[in-house]
Structures are given as C-alpha cells and as structure tokens.
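As the structure is a prediction and not an experimental result, all values here were calculated from the model.
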Amino acid sequence: TTVDLSLTGVHDRFFLTLNYAFSIESEIETDPNGLIFYSREDINLTFGYSFDAFSVFAGYRNGATDANYGTSETNYQGKRAFGTSADGFYVGTSASYYFEGKGSLSGSIAIAALDGEVSLSEPFVDTSAFIPGVGPTPPENIKGSAVGFSLGIGWSGQVSENTLYNIDLKINQFDFEDDVVFGGLDLSYEENLNTISIGLTHFFE
C-alpha cells in the first residue's frame with residue numbers, strides 16, 4: 001500500500017512536477033527462510049511543455065526497493081534479504097481527451113535509461129556451492145543498466161470546481177543487463193512495477 005504525492009507548478013504552457021511515492025504497508029511474501037517484507041520508495045522530477053492536444057516531457061527518477069526477513073507478520077526482524085536501487089533520465093509524451101459532462105481519458109508513454117544496483121545477502125543467495133579460496137566469489141552488489149519503458153492510462157472527473165478525482169494504471173518495465181556471471185548464473189535482473197492509483201487533484205489559483 002503506497003502513498004503517492006505530487007506537486008505541480010505551471011507557467012503558460014510549461015509545467016514542473018515533483019512526485020514522491022512511498023509504501024506505508026509492506027508487501028509480504030513467503031520464503032523457505034521465513035517471510036520477506038517488501039517496501040518501495042520512488043522520486044520523480046518532470047519538466048514538460050503542453051501543446052493543444054498533447055504534452056512532451058523529460059525528467060529524472062530514483063527508486064529503491066528493500067526486502068527484509070521476518071519470522072511472522074508480527075515479528076519483523078529487519079534482516080535484509082536484498083535491496084535494489086535505480087536512477088536515470090526519461091523522456092515521453094502524454095495526451096488526453098475530454099468527454100463533455102463526463103470526464104477526461106488520458107494516456108502516456110515514456111522511455112527511460114537507468115543505472116541499477118542490487119545488494120544481496122544470505123540466506124537469499126545460496127553460497128554453499130562456492131569453495132572458499134577457489135572461487136568464484138559471489139558479489140555483494142550487482143550493477144547493471146537498462147533501457148525500459150513506462151505506459152500509463154487514466155480517467156479523471158470533477159468533484160468540485162477546483163478538485164478532480166482520478167484513477168490511473170501505470171506499468172514500468174526495465175531489464176537490467178550485467179556482465180557478471182558466477183556459478184553459471186547470469187546476474188542480469190528485471191524490474192517490473194505495476195501500479196493502480198486512486199486520488200484527488202486540487203488546483204490552487
């Protein structure tokens with residue numbers, strides 16, 4: 001469960017948006033070693049220009065995932081299983097269509113170039129197959145780069161004169177390629193973030 005906060009400034013046809021999203025409730029996954037508690041944090045800064053029918057934008061994003069072990073839902077021990085972080089730049093375009101008296105349908109597409117890193121720890125990584133002093137030695141951090149995409153679609157309607165409600169679906173997919181191989185394992189990894197959000201937008205004049 002995530003809180004997603006945005007603040008936008010507009011001047012003529014230019015706009016600047018700061019977006020901060022953070023999880024307030026962990027996603028829980030069962031693992032042979034117990035439970036893994038996932039949390040996520042994302043920051044996006046976007047600068048764009050609006051034409052009559054569409055907008056173009058560019059920006060910077062930074063995101064991180066933490067996964068920690070616990071033995072039960074009430075016993076969150078905090079021993080890290082792994083963590084991921086990624087940052088980089090993106091460009092994209094968006095458009096919307098207004099249905100008179102009903103609301104607006106919007107869509108967006110963006111391409112991002114990111115640098116990422118995964119930090120690993122036992123027992124998430126089984127190092128029993130590695131012979132000390134002989135190798136190979138499993139790395140503690142895996143670095144990679146990715147060119148990925150983001151797709152979004154949303155609907156908004158009016159609550160009051162200056163307030164809108166919105167429902168949005170966003171899909172992010174990034175494939176991080178890495179040259180590191182140990183124990184016959186390719187350490188490239190994939191990051192998929194699919195988000196459904198419901199929110200309110202208020203315009204200050």
Side-chain angles (χ1 to χ4, degrees), residues 1-27 38-66 83-117 144-176 190-205:
T1 304
T2 302
V3 173
D4 193 329
L5 304 174
S6 293
L7 180 64
T8 299
V10 179
H11 179 71
D12 292 331
R13 291 177 176 262
F14 293 95
F15 61 90
L16 180 67
T17 298
L18 175 63
N19 173 255
Y20 176 50
F22 58 96
S23 56
I24 58 174
E25 182 180 3
S26 297
E27 181 74 14
Y38 292 91
S39 61
R40 178 76 187 182
E41 183 180 52
D42 288 280
I43 298 175
N44 291 276
L45 182 64
T46 306
F47 177 75
Y49 183 86
S50 297
F51 296 90
D52 291 333
F54 67 97
S55 299
V56 293
F57 57 85
Y60 171 83
R61 66 170 288 158
N62 182 288
T65 298
D66 277 320
T84 70
S85 62
D87 67 285
F89 297 92
Y90 55 88
V91 295
T93 183
S94 63
S96 63
Y97 183 82
Y98 177 70
F99 295 88
E100 188 172 354
K102 296 181 179 180
S104 296
L105 179 66
S106 60
S108 65
I109 183 171
I111 298 175
L114 305 178
D115 292 319
E117 181 175 298
S145 59
V147 175
F149 68 88
S150 174
L151 298 175
I153 186 170
W155 175 265
S156 64
Q158 194 171 38
V159 176
S160 64
E161 184 177 356
N162 293 324
T163 305
L164 301 175
Y165 73 87
N166 58 279
I167 303 172
D168 298 284
L169 169 65
K170 180 169 284 189
I171 299 172
N172 294 290
Q173 180 170 321
F174 306 102
D175 296 317
F176 291 90
E190 184 177 283
E191 182 178 77
N192 294 305
L193 302 173
N194 303 319
T195 306
I196 297 176
S197 60
I198 300 173
L200 294 174
T201 300
H202 184 76
F203 297 93
F204 298 94
E205 297 180 354

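- Interatomic distance, NE2 of H202 versus CD of E161, reported as 10.0 Å (0.5 Å rounding).
- With a 6.0 Å radius and a threshold of 12 heavy atoms from other residues, nucleotides or ligands, H11 has its NE2 atom at or below the threshold.
- Residues L16 and L45 meet the side-chain proximity criterion, which asks for heavy atoms closer than 4.5 Å.
- In this structure, OG1 in T65 is found 9.5 Å from OH in Y38, a value given to the nearest 0.5 Å.
- The environment of I111 atom CD1 is sparse: at most 12 non-hydrogen atoms of other residues, nucleotides or ligands sit within 6.0 angstrom.
- Going from atom CH2 of W155 over to atom CG of D168 covers 12.5 Å, rounded to the nearest 0.5 Å.
- Looking at F203 and L164, their side chains come closer than 4.5 Å, going by heavy atoms from C-beta outward.
- Listed here is the closest heavy atom pair of A58 and V91: CB-CG1, 3.9 Å.
- When all heavy atoms of D66 and G83 are compared, the closest pair comes out as OD1-CA, 4.3 Å.
- When all heavy atoms are compared, the tightest approach of F15 to V56 is CZ-O, 4.3 Å.
- Closest approach of I109 and F57 over heavy atoms only: O-CZ, 4.1 Å.
- One side chain, S55 or S50, offers a donor N or O that lies under 3.5 Å from an acceptor on the other.
- Taking every heavy atom of both residues into account, F176 and E191 meet most closely at CE1-CB, 4.0 Å.
- Evaluation of the salt bridge (Lys or Arg N to Asp or Glu O under 4.0 Å) test over residues 44-61, restricted to residues two or more places apart or in two chains, returns R13-D52, D42-R61.
- Side-chain N or O atoms of S23 include one that pairs as donor or acceptor with a backbone N or O of R40 at under 3.5 Å.
- Atom CG of residue N192 and atom CZ of residue F174 lie 9.5 Å apart, to the nearest 0.5 angstrom.
- Annotation for A146 and D175: closest pair CB-O, 3.1 Å, computed over non-hydrogen atoms.
- Checking side-chain atoms of N19 against main-chain N and O of L5 turns up a donor-acceptor pair under 3.5 Å.
- The OG atom of S197 sits 8.5 Å away from the CG atom of L169 when rounded to the nearest 0.5 Å.
- Surrounding CD1 of I196 are at most 12 heavy atoms belonging to other residues, nucleotides or ligands under 6.0 Å away.
- With contacts defined as side-chain heavy-atom distances shorter than 4.5 Å, the pair T2/T195 does not qualify.
- Remark: Y97 pairs with F99 by the side chain to side chain contact (heavy atoms under 4.5 Å, CB included) rule, at least two apart or across chains.
- Taken to the nearest 0.5 Å, the OG atom of S156 stands 9.5 Å off from the OH atom of Y98.
- Between I153 and L105, the closest side-chain pair of non-hydrogen atoms falls below 4.5 Å.
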Going through the checks in order, is the side chain to side chain contact (heavy atoms under 4.5 Å, CB included) test met by L18 and I43?
CA-CA 8 Å; L18 175 63; I43 298 175; 4.3 Å; yes
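- For the pair T46/Y90, a side-chain contact is recorded, criterion being any heavy-atom separation below 4.5 Å from C-beta on.
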